[in-house]
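What follows is a set of notes on a single structure, which appears directly below.
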Amino acid sequence: MFLGIDLGTSGVRLLLCDADQNVVASAEAPCTVQHPHPGWAEQDPQSWVDALCGAMSELRSSHGPALDALQGIGLSGQMHGAVLLDRDGQVLRPCILWNDTRSHVEAATLDATPGVRNLSGNAVFPGFTAPKLAWVANQEPKVFAQVATVMLPKDYLVFWLTGRRVTDMSDAAGTSWLNTGARAWSDDLLVAGGMRRDQMPDLVEGSDVVATVQPHIVENLGLPANVPVVAGGADNASAACGVGALKAGQGFVSLGTSGVLLAARDDYGADPATAVHSFCHAVPGRWYQMGVILAATDSLNWLSKVVGAAPDVLTAELGDRVIGPGPIRFAPYLSGERTPHNDAAIRGGFSGLDISHGRAEMTQAVLEGVSFALRDCQAALQATGTRLDQCLAIGGGSQSRYWVELLATVLNQPLDLPADGEFGAALGAVRLAICGVTETDPEQVMTRPKIAETIAPRADLTAAYADAYQKWRATYPSLKALP
């Protein structure tokens, strides 16, 4: 048996599989996010431990004998969060999360520092880890003075499980301290960010075994003794492992809380000017690139709250087939934007509203706005020379056939819908555990899921949506010009 632990923003999910990757059981427990000020997002790392313990208790109660056969644990987790530990391993303050934008000034300063983009391979976004530490240095100097180690969220769970302070390449790539091409901490980047090498966790590959679970944790969780813990990967890298996106041309589009268009690469090909994220993959010797928008299904969920109807009710009102661009434009910048704008301050909105329009037209505009924003990501990826030959549609938004057909048409890219089953970050964590413990080649373990259906672009509507996209592109500069 192999266990995948996926630490998301909203909770911890466990996936227990056998050696053939057949799902035996799953369990999850929620976590909450605190927003003490506008633009802030924090979590107490202890809440992750509590959620993990709660989910493990559920799994132990329902599948105790299967857990007794556990051979390895892998992890996946939300990126960029800053967990600050003192010399004794005590948490100094709540974790500043990936979607926290308080450090936008520090991010802009780092981004403008000569050499930072070229060494890290990325523009410096406010959500990255380095500007968060610069903010702590400026605003909480007494806390900053005690920082012995900076960890990423999933790595804090690895630390709790094993006692080792490590991170994997895919998570480290989102800090702005890693030379992503060389897969090593950069002294120049650390100096630019006001940090020291001894404050960094040890670097490992995502399929490396870190250590075995500590004896007192074994007793706490009800696990067998000496279970190896594999480092695991950042959430999108783990999702790429889960869907088998390892080689150039393979990738996925994710309609989750945020939106992601990801393509694997066999080589390193960063182009920071595009605001494309160029990160290490969770398996050795590979990289990936992705465009990220901050509010995908979050935009639909926002509309759902405003109009008082569930998201699936809203999308059902549009039917299953796309009929052409709607009359309203929507900019999905509800929390700022990453690719291609790197703009924490921009905010979204509707344009073209008429008194005759209702919630169906507004829903269509939201889905189109998110799809056009992902078309921006596609253009940014293409500018780096990255290709995407096989693309799966995953995430909660992919349950809407209308949205998938719309997105396929906007991208002019066939989208594969996986058959029912596990294929996300939790499975990626399981697969990394299998590779680490058994030393099996990742290409043999991380295969693509069965495809239930391929949604082709609507050839009769691609020109109309291409024209609508070009008009929609004027939305961002128009919003930027507003006082």
Just jot down the side-chain contact (heavy atoms from CB on, under 4.5 Å) partners of [X], sequence neighbours excluded, or say none.
X	value
Asn118	none
Thr101	Ala344
Val191	none
Ser10	none

Legend entry - Qualifying salt bridge (Lys or Arg N to Asp or Glu O under 4.0 Å) pairs with a residue from residues 337-355, counting only residues at least two apart or across chains: Asp343-Lys480
Legend entry - ring-ring contact (aromatic ring centres under 6.0 Å, His included) partners of residues 146-175, not counting sequence neighbours, each pair once: none
Any [X] side-chain heavy atom under 4.5 Å of [Y] side chain:
X	Y	result
Asn179	Asp188	no
Phe125	Leu294	no
Val410	Leu374	no
Phe279	Asn122	yes
Gln34	Pro94	no
Ile346	Leu479	yes
Arg375	Leu411	yes
Met169	Trp287	no

Rounded distance (nearest 0.5 Å) linking atom [atom1] of [X] with atom [atom2] of [Y]:
X	Y	atom1	atom2	answer
Gln413	Leu415	CD	CG	6.0 Å
Ser186	Arg197	OG	CZ	8.0 Å
His277	Tyr288	NE2	OH	8.5 Å
Trp472	Asp467	CH2	CG	14.5 Å
Trp185	Leu190	CH2	CG	7.5 Å
Gln364	Leu314	CD	CG	13.0 Å

Mind checking what makes salt bridge (Lys or Arg N to Asp or Glu O under 4.0 Å) contact with [X], not counting sequence neighbours?
X	answer
Asp50	none
Arg265	Asp267
Arg102	Glu42, Asp100
Arg164	Asp202

Legend entry - Side-chain H-bond candidate by donor/acceptor type, Arg165 with Thr149, under 3.5 Å: yes
Donor-acceptor pair, [X] side chain versus [Y] backbone, under 3.5 Å?
X	Y	answer
Gln78	Leu97	no
Gln289	Thr386	no
Asp208	Glu205	yes

Legend entry - side-chain hydrogen bond (donor to acceptor under 3.5 Å, both in side chains) contacts touching residues 294-309 (sequence neighbours left out): none
Inset, instruction - For atom CZ of Arg473, decide whether the heavy atoms of other residues, nucleotides or ligands shown that lie under 6.0 angstrom number more than 12. - result: no
Minimum heavy-atom separation for [X] and [Y], please, with both atom names.
X	Y	value
Asp86	Asp88	OD1-N, 2.9 Å
Ala365	Phe350	CB-CE2, 4.1 Å
Gly233	Ser170	CA-OG, 3.4 Å
Gly77	Asp6	N-OD1, 4.2 Å
Leu432	Ala282	CD2-O, 3.8 Å

In residues 240-264, what donor-acceptor pairs under 3.5 Å come from side-chain atoms, sequence neighbours left out?
unit_1, atom_1, unit_2, atom_2, d
Gln250, OE1, Leu246, N, 3.0
Gln250, OE1, Lys247, N, 2.9

